[in-house]
Amino acid sequence: MALVVQKFGGTSVADLDRIRHVAGRIARTQREGHRVVVVVSAMAGETNRLLTLAREAARVPDERESDALVSTGEQVTAALTALALHDQGVPARSFLGHQVRIETDSAFGRARIVRVDAERLLAAVAGGAVAVVAGFQGVDGEGSITTLGRGGSDTSAVALAAALKADVCEIYTDVDGVYTSDPRIVPRARKLARVAYDEMLELASLGAKVLQIRSVEFAKRYRVPIHVRSSFNDNEGTWVVEEESAMEQVSVAGVAHDRDQAKLTVQRVPDRPGVAARLFGPIARAGIVVDMIIQNASADGTTDLTFTVPRGDYDKARALVEGSARDIGAQGIAGQLDVAKVSIVGVGMRTHAGIAARMFDVLSSEGINIQMISTSEIKISVIIDEKYTELAVRTLHDAFIRT
Ligand code: ASP
Ligand code: MG
């Protein structure tokens, strides 16, 4: 008998029919003799609808009230799922974040979990009921409702699995698992049977949007095995687990891409201490996340500095940099909005030589120009013209991934 956490995303609980279907699946797991804790998202589209309502009610919605509003989406599905379970003869109880007691900090809209009290859930499942928890929400030290950021139900589920010491955290979604690349771009992409936490972290942050990044960080820290699978069939999905020696045999596990990138270059920046801090300080204070940064070695006492930001932040970043560039005596600024990042990821890169050279070779054979390069132990990313994204992803997949 195992303790299983099952999380169902918005498309899996999009309407009553699907909620009934989900209830059937939960009932089956329970009949197989397992204790089940369920975490649900809001119905597909509901969180967006509520966020829009908040913006209609106030030009700049107060964050505390906004969280009180958007968290209701999950309250609805938690109660409906419990009701659907009752209808199938399965005892079930719904719990909101504060009832479980999922305690977070007070960063409304992007709160972090600080403590999970699992006692009430354990008592419920020990008594034979299914506990159905509203995902995405918690409560801060003051008793205010908080939310965990978009996609946060994944993190609710993993945090509960960690606190309950569950045997597995199953994440049910509308895809069959984690793929070697986006199947819409690479029809030959295949489902990964197993992927290491670190690979998943890179793939998640690189735009493979199956899991909220924070949930993977949590899983890694507490060694929670995650099983990502479809709620629409019974296929085995992808296991996200600790690194295994077999994973090192494969140099590249996946090819990811991210079109949400724009590039800014500050030209002929005087090469002296404090200049980079002066440039990036205002950008950081504006809450803009800088991704890649490249600075050239200087020849004549000046250097070019190039970096990327999310496309939606381009204008703001450019305006900020223009201000600082004048102050530090840089020559000018150039930018490009339509760039994309393409990356290959794999823990095997630690032990395989020559992966980068091969990647550059493959791209050059297609005439794709590399504008920026960055690497980590298990990842190589390049910035290229956005119009070559699909070609780059497909060719790299053909070159590196056995299908
Ligand atoms: N309902 C929330 C969202 O749409 C949380 C989640 O689904 O994970 O972001
Ligand atoms: Mg999600």
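By convention here, the first residue in the shown sequence is residue 1. Every number for a ligand or one of its atoms is a count from 1 in the order of the listing. As the structure is a computational prediction, the values presented were derived from the model and not from experiment. The analysis underlying the following values was restricted to heavy atoms, covering all of them including side chains, and did not include hydrogens, waters or symmetry mates.
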Any N or O of Thr47 closer than 3.5 Å to N or O of ligand 1: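 It does: an N or O of Thr47 is found under 3.5 Å from an N or O of ligand 1.
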Gly151, any N or O under 3.5 Å of ligand 1 N or O: yes
For [atom], what is the closest protein heavy atom, and at what distance to 0.1 Å?
atom: atom 6 (C) of ligand 1; result: Ser153 OG, 3.4 Å
atom: atom 7 (O) of ligand 1; result: Ser41 OG, 3.0 Å
atom: atom 9 (O) of ligand 1; result: Arg150 NE, 2.7 Å

Partners passing side chain to side chain donor-acceptor pair (under 3.5 Å) against Arg115 (at least two apart in sequence or in another chain): Glu103
Those residues that, when tested against Lys191, pass side chain to side chain donor-acceptor pair (under 3.5 Å) (two or more places apart):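 Side chain to side chain donor-acceptor pair (under 3.5 Å) list for Lys191, sorted by chain: empty.
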Among Asp291, Asp260, Thr308, Thr389, side chain to side chain donor-acceptor pair (under 3.5 Å) partner for Lys341: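 Output: one option passes, namely Asp291.
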Gln212 contact mode with ligand 1 (heavy-atom cut-off under 4.0 Å):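 Under 4.0 Å from ligand 1, Gln212 contributes no heavy atoms.
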Lys/Arg cation over aromatic Tyr314: Arg311, 6.0 Å, 45° cone: no
Heavy-atom gap Glu46 to ligand 1 smaller than 4.0 Å: no
Residue-ligand contact Gly152/ligand 1, heavy atom below 4.0 Å: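 A heavy atom of Gly152 does come that close to ligand 1.
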Aromatic centroids of Phe232 and Tyr172 separated by under 6.0 Å: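 Judged by ring-centre distance (under 6.0 Å), Tyr172 and Phe232 do not meet the cut-off.
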Verdict with supporting geometry, Glu366 and Thr395, side chain to side chain donor-acceptor pair (under 3.5 Å): CA-CA 8 Å; Glu366 292 295 335; Thr395 344; 4.6 Å; no
